[in-house]
Amino acid sequence: MNDVLVLAEHLNGELKDVTFEMLAHARGVADASGTKVAAVLLGSGVGDLAERLAQQADEVLVRDHDGFAHYNSAVYQPVLADVIRGREPSVVMIGHTAFGVDLAPSLAVALDAPLASDVIDLAVEGSDLVGTRQTYGGKVNERVGFGGAAISLVTVRPAAFAPEEASRGGSVVALDTEVPDEPAFRRFVEYVEAAAGEVDITKSDVVIAIGRGIKEEENMPLITGLAELLGGVVACSRPVVDAGWLPKDRQVGSSGKTVKPKLYVAIGVSGQFQHVAGMKSAETIVAINKDPKAPIFQAAHYGIVGDLMKVVPALTEKITELRA
Amino acid sequence: MPSLADKYELLGCIQCGRCTAGCPVSLRTYLNVRKVVYDGLIGPAPKGAHERPEAWSCTTCATCTERCPKGVKPMELLIGLRGSSIERGKVSPTIRDALESTFKHGNPWGRGREKRTEWADELDVPVAGDGDAVPLLWYVGCTPAYDPRCQDVARALVRLYEAAGVGYSTLGAAESCCGNEVKRMGEEGLFELLVEGNREAFASHSIDAVVTSSPHCMNTLLNEYGGVADEVVHYSQYLAGLLDEGKLAFKGSVERKVTYHDPCFLGKHNAIFDEPRSVIERISGVEFEDLDRSRERALCCEGGGGRMWVEAEDERGERLADTRVKDAVELGADTLVTACPFCLLTLEDAVKTSGCEGKIEILDLAELAAMAL
Amino acid sequence: MNIVVCVKQVPDTAEADVRIASDGSGIEMEGLPLQINESDNYALEEALLIKEDRDGEVTVITLGPDSSEEVLRMCMAKGATEAVRLADPAFDGGDAWATANALAKAIGGMEYDLVLTGCMASDDGMTQVGVTLAEMLGVPHATYVTEMEIGDGAVTVGRELEGGLLEKLEIKLPAVVTIQTGINEPRYASIMGIAKAAKRDIDTKAASDLGLDTAEAGKAGSKTTLLGLDYPPAGEGAEILDGTPAEASTKLADVLKEKGFA
Ligand SMILES: Cc1cc2nc3c(=O)[nH]c(=O)nc-3n(C[C@H](O)[C@H](O)[C@H](O)COP(=O)(O)OP(=O)(O)OC[C@H]3O[C@@H](n4cnc5c(N)ncnc54)[C@H](O)[C@@H]3O)c2cc1C
Ligand code: SF4
Ligand code: SF4
């Protein structure tokens with residue numbers, strides 16, 4: 001096997017957590033196959049990020065260029081394809097993020113390489129790579145092989161692996177791969193920050209989150225009541241925002257807010273990874289869900305399997321009693 | 001396409017206004033049914049309820065159609081307008097979701113079919129096997145099967161059947177929505193699909209009699225299915241019969257001051273007023289008194305005609321359910337009994353919204369009866 | 001403006017006990033209601049809104065079994081003008097690459113300005129087909145789109161990034177855009193409308209109609225291989241507080257009290 005190549009992802013001068021998570025796991029894969037870990041970093045003015053990556057990787061390949069001031073897959077893709085063709089790594093790891101999802105499949109076509117997306121594990125079995133991914137909302141795991149391809153691509157689910165501290169002092173190699181101009185067919189316009197709402201869910205010690213299990217907007221008072229009692233704020237999963245029951249700034253998860261409250265109560269939330277990504281670091285997580293197999297119970301510390309329409313009123317009553 | 005005027009016989013309208021005068025929601029919402037008839041006649045006719053959103057305020061109580069001296073069908077017109085919106089896909093997400101769920105899972109509550117019998121998990125409720133003959137079918141209904149509050153009603157009924165020692169069966173997870181509300185939401189195509197499916201399921205079990213938990217199911221199975229069984233009755237009728245025959249007896253006593261809310265689909269639509277009252281009156285300890293507006297004149301709770309899934313907008317005045325609960329409290333009742341899952345849910349909600357918490361309890365007739373066993 | 005919308009029929013497994021089929025190739029489908037993939041439904045709605053605004057055709061296309069014609073009919077009931085189904089046993093067992101390849105062959109032969117897909121299939125969670133398709137068609141793409149405005153020969157889109165950040169892009173048409181949920185409010189398809197659509201033609205295409213060799217389709221034409229399915233290992237998971245709602249709530253209230261929340 002050849003190297004494991006990790007594509008570093010960064011925004012506004014900061015490396016994303018998923019980069020370190022991938023580097024940590026890449027180390028295991030490299031050790032198992034007696035190869036090395038290389039990171040590739042494309043950006044503009046990213047010298048210090050390269051140093052940071054060198055603590056984890058054996059080698060950091062950097063292309064520092066104005067053309068990478070913001071992400072554009074149409075610019076990234078040809079450069080990366082060149083780098084990969086030159087290095088011939090056995091596997092390229094890219095974060096399963098808005099960035100990776102936009103980039104990886106087109107890179108796979110350019111390289112004529114297999115891609116397993118959203119893997120939660122990547123292992124070496126004999127001389128073969130095997131990826132594990134979740135299907136059917138986390139109810140079934142799928143093991144995927146790459147048909148013995150010379151170069152394989154994976155996108156890696158954020159938070160699937162734990163990052164590791166290291167001080168490897170890998171080498172930093174500046175690349176001079178040609179960077180094309182931003183093409184007219186895909187032009188970056190701007191980043192727009194979500195408007196701040198009246199409640200900042202990231203500031204509260206107690207967050208009560210509801211999911212699609214709430215079924216109807218009319219059931220919301222049940223949750224607001226509990227939140228008031230516990231001195232918390234009401235947050236939610238994405239479908240609740242899609243339905244227009246709560247504003248977008250209440251959404252917890254990968255495309256919403258990340259919260260780290262002391263107490264997080266997930267009610268009628270199934271616990272898809274995009275949601276869990278935003279609340280997994282809460283100190284105490286409680287889940288209330290009808291489905292004993294809901295993945296949220298894997299993320300929670302305490303769980304009640306039951307109908308929220310019954311459990312929430314009962315809980316509200318018990319807490320009121322305790323208070324009295 | 002026949003014009004609205006032809007289809008709903010609007011041409012006879014003399015604009016006397018009796019329809020609006022009798023309409024329970026005319027003061028509560030912006031629905032003025034006479035005006036809708038007028039506009040349907042004078043044109044340009046509305047293309048659907050999306051252009052006349054007040055058409056969604058109708059509870060389909062049928063008062064207007066019944067009171068019209070000229071045989072005009074104002075209620076049918078409103079349902080027709082809803083149907084036109086449905087044809088165009090222009091309905092609110094709540095109605096869309098209820099209809100899609102009914103198509104997909106056989107219930108409007110967005111729950112899986114296989115969960116339909118979950119309420120009975122701890123009980124011994126017979127489910128008819130393939131092709132079994134079922135002399136007496138209990139059609140449980142979607143809301144008693146899925147709604148946590150109404151599941152208590154279904155469980156109370158099981159206790160009553162067991163106490164009376166009657167042999168009955170259910171369709172279990174093979175039961176599908178009756179379509180009463182679906183039809184009134186204007187989704188005629190889906191209604192026909194449900195009728196077809198249910199008729200087939202019924203036919204495969206050679207059913208003699210059907211007992212329903214909900215007046216809504218009873219109404220459509222009895223009046224709109226073209227004869228699915230020799231007899232279709234609401235459970236209040238069935239219980240009254242069991243009491244008459246002495247098969248069921250109340251041994252306990254319930255010390256309560258009770259009044260009764262007539263569900264529209266039991267009372268106004270099907271003239272079943274006496275049986276529920278006779279069940280209540282046979283319970284010892286119960287002190288029964290009727291509300292002022294009762295029987296044919298009963299106030300509607302606004303839960304029917306698909307209104308359970310209509311988002312309340314553009315309303316004015318007090319919700320009728322609030323009025324109803326307050327009237328019951330004023331009467332001095334400590335328990336307001338009804339016999340319909342939608343009434344139960346709307347009235348129970350109204351206890352909170354009208355500030356009557358702690359003053360009155362809403363019970364379903366089946367629950368009250370089971371207390372007296 | 002002609003729009004092609006790629007749709008997929010998926011089982012609704014939200015509340016279901018998902019069981020792996022005995023041959024290990026997939027899951028037990030019996031008893032699972034089938035529906036249009038959630039984000040595809042939003043993609044279709046977006047296409048219909050554009051069509052209502054500026055005319056043109058909306059063609060829906062799927063690669064799937066016979067049952068997936070139900071989804072095409074539903075799309076036609078909502079206003080799609082044409083429907084195409086890629087149907088061939090040769091397509092069985094294909095991965096995202098093989099699926100995109102077949103779609104690219106079919107769409108490549110059509111006149112289109114815009115291709116919309118859902119951003120992710122809820123069954124396999126692949127999140128690949130849209131971009132792969134764009135690359136195979138040789139047109140630009142944008143993913144996770146929650147805002148879209150059609151301009152002159154171009155479309156300005158808002159891509160949803162992590163943390164609620166929106167990335168605005170302008171891409172030239174023709175292009176492939178993958179739609180994220182919440183971009184609009186999908187309409188209802190009436191049963192009468194679906195029944196009427198049942199009478200309309202669905203253009204079925206086999207691999208050979210697309211000029212695809214069986215070796216390029218389905219399992220044979222895939223880049224990845226399915227090695228097997230398992231149930232996720234039961235991790236440590238939550239401590240389940242059992243009993244009736246009241247009992248479980250008492251236990252939870254005690255825990256919360258102990259931790260200083262109640
Ligand atoms: C790119 C991308 C980004 C995303 N970003 C986010 C994000 O930031 N945040 C996010 O939340 N999602 C996000 N999602 C969506 C995510 O994939 C899931 O679809 C979503 O989290 C599911 O929300 P849910 O758990 O509320 O709904 P569902 O998955 O439908 O779960 C509902 C749950 O409620 C339970 N339930 C139902 N009725 C009851 C009842 N009466 N009592 C108790 N339990 C009940 C059910 O058992 C089920 O587990 C994203 C998706 C994509 C593709
Ligand atoms: S009651 Fe009949 S005749 Fe009178 S206004 Fe209403 S519809 Fe017209
Ligand atoms: S059927 Fe509708 S419009 Fe007619 S009286 Fe009743 S609520 Fe009013």
Side-chain angles (χ1 to χ4, degrees), chain A residues 74 97-98 101-102 105-106 109 114-118 130 134-147 184-194 206 230 241-242 248 254-257 263 284 286-287 291 297-298 300-306 310-311 314-315 318-319 322-323, chain C residues 13-15 17-18 20 27 122-128 131-132 134-136 140-141 143-144 156 158-172 181-182 223-232 235 237-241 245-246 248-250 252-253 255-257 259 261-262:
Chain A
T97 57
V101 158
D102 202 63
S106 81
V109 178
L115 164 65
S117 52
D118 193 21
V130 176
Q134 294 191 330
T135 58
Y136 302 103
K139 290 183 175 179
V140 174
N141 280 1
E142 178 178 281
R143 285 159 32 86
V144 184
F146 300 87
F185 64 76
R186 175 163 166 150
R187 279 197 324 105
F188 172 84
V189 180
E190 60 176 336
Y191 288 127
V192 184
E193 291 277 355
V206 176
L230 290 167
V241 176
D242 289 347
K248 178 82 182 168
S254 59
S255 58
K257 296 254 165 80
L263 175 66
T284 301
V286 176
D291 179 1
F297 289 119
Q298 293 301 316
H301 303 105
Y302 299 96
I304 294 182
V305 178
K310 292 214 155 159
V311 175
L315 181 62
K318 293 296 167 200
I319 297 173
L322 277 184
R323 288 276 170 81
Chain C
T13 54
E15 272 195 75
D17 230 349
V18 179
I20 297 169
I27 61 165
S122 66
D123 54 352
D124 58 30
M126 211 59 97
T127 338
Q128 279 190 41
V131 180
T132 311
E135 200 63 28
M136 288 172 170
H141 71 265
T143 47
Y144 285 174
T156 306
R159 296 187 60 225
E160 190 179 64
L161 307 186
E162 284 71 23
L165 192 65
L166 201 72
E167 177 193 316
K168 290 225 164 181
L169 283 181
E170 190 189 271
I171 53 173
K172 284 255 148 64
T181 60
K223 294 263 174 200
T224 58
T225 38
L226 177 63
L227 302 175
L229 300 176
D230 304 289
Y231 298 106
E239 179 186 331
I240 299 294
L241 310 169
S249 297
T250 308
L252 180 55
V255 171
L256 295 180
K257 185 177 177 194
K259 296 192 176 270
F261 295 114

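Every chain is numbered from 1, with letters handed out A, B, ... down the list of sequences.
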Residue pair A:L115, C:Q128: steps toward the side-chain contact (heavy atoms from CB on, under 4.5 Å) verdict
CA-CA 9 Å; A:L115 164 65; C:Q128 279 190 41; 3.5 Å; yes
One pair to check against side-chain contact (heavy atoms from CB on, under 4.5 Å): C:T225 and A:V144. What are the steps and the verdict?
CA-CA 6 Å; C:T225 38; A:V144 184; 5.8 Å; no
Checking side-chain contact (heavy atoms from CB on, under 4.5 Å) for the pair A:I319/C:F261: CA distance, chi angles, key distance, verdict?
CA-CA 9 Å; A:I319 297 173; C:F261 295 114; over 6 Å; no
Passes side-chain contact (heavy atoms from CB on, under 4.5 Å), A:D118 versus C:T127? Steps please.
CA-CA 8 Å; A:D118 193 21; C:T127 338; 5.5 Å; no
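Both the backbone and the side chain of A:R186 come within less than 4.5 Å of a heavy atom of chain C. Within the 4.5 angstrom heavy-atom criterion, atoms from both the backbone and the side chain of A:V109 approach chain C. Using a 4.5 Å cut-off between heavy atoms, A:K248 contacts chain C through its side chain alone, with no backbone atom that close. For A:D291, the part sitting under 4.5 Å from any heavy atom of chain C is the side chain, from C-beta outward, and nothing else. A:I304 touches chain C through backbone and side chain together, each having a heavy atom under 4.5 Å away. Contact of A:T284 with chain C is made through the side chain alone, with heavy-atom distances under 4.5 Å.
Taking chain C as the reference chain and counting heavy-atom pairs below 4.5 Å, the highest number among A:A98, A:G147, A:A184, A:A74 is found for A:A98. If you tally non-hydrogen atom pairs under 4.5 Å between each of C:G163, C:A14, C:G125 and chain A, the highest count goes to C:G163. Residue with the most contacts toward chain C among A:A300, A:G256, A:S255: A:S255 (heavy-atom pairs, distance under 4.5 Å). Contact count against chain C (heavy-atom pairs under 4.5 Å) is highest for A:L263 among A:L230, A:L263, A:V311.
The nearest pair of heavy atoms linking A:K310 to C:P245 is CB-CG, 3.9 Å. Closest non-hydrogen pair, A:N141 versus C:P232, comes out as ND2-CA, 3.7 Å. When every heavy atom of A:K139 is checked against every heavy atom of C:T13, the shortest pair comes out as NZ-O, 2.9 Å. C:T224 and A:P114 make their closest contact through CG2-CB, 3.9 Å (heavy atoms, listed as atom of the first residue, atom of the second, distance). Closest approach of A:L315 to C:S249, counting heavy atoms only: N-OG, 3.3 Å. The two residues C:V131 and A:S106 make their nearest non-hydrogen contact at CG1-N, 3.7 Å.
A salt bridge between A:E190 and C:K168 is absent, with no side-chain N of the basic residue lying under 4.0 Å from a carboxylate O of the acidic one.
Residues C:I27 and A:V140 are in side-chain contact: their nearest non-hydrogen atoms beyond the backbone lie under 4.5 Å apart. Using a 4.5 Å heavy-atom threshold, the side chains of C:E167 and A:F188 count as touching.
Side chain to side chain, A:D102 and C:T143 meet the donor-acceptor criterion of an N or O pair below 3.5 Å.
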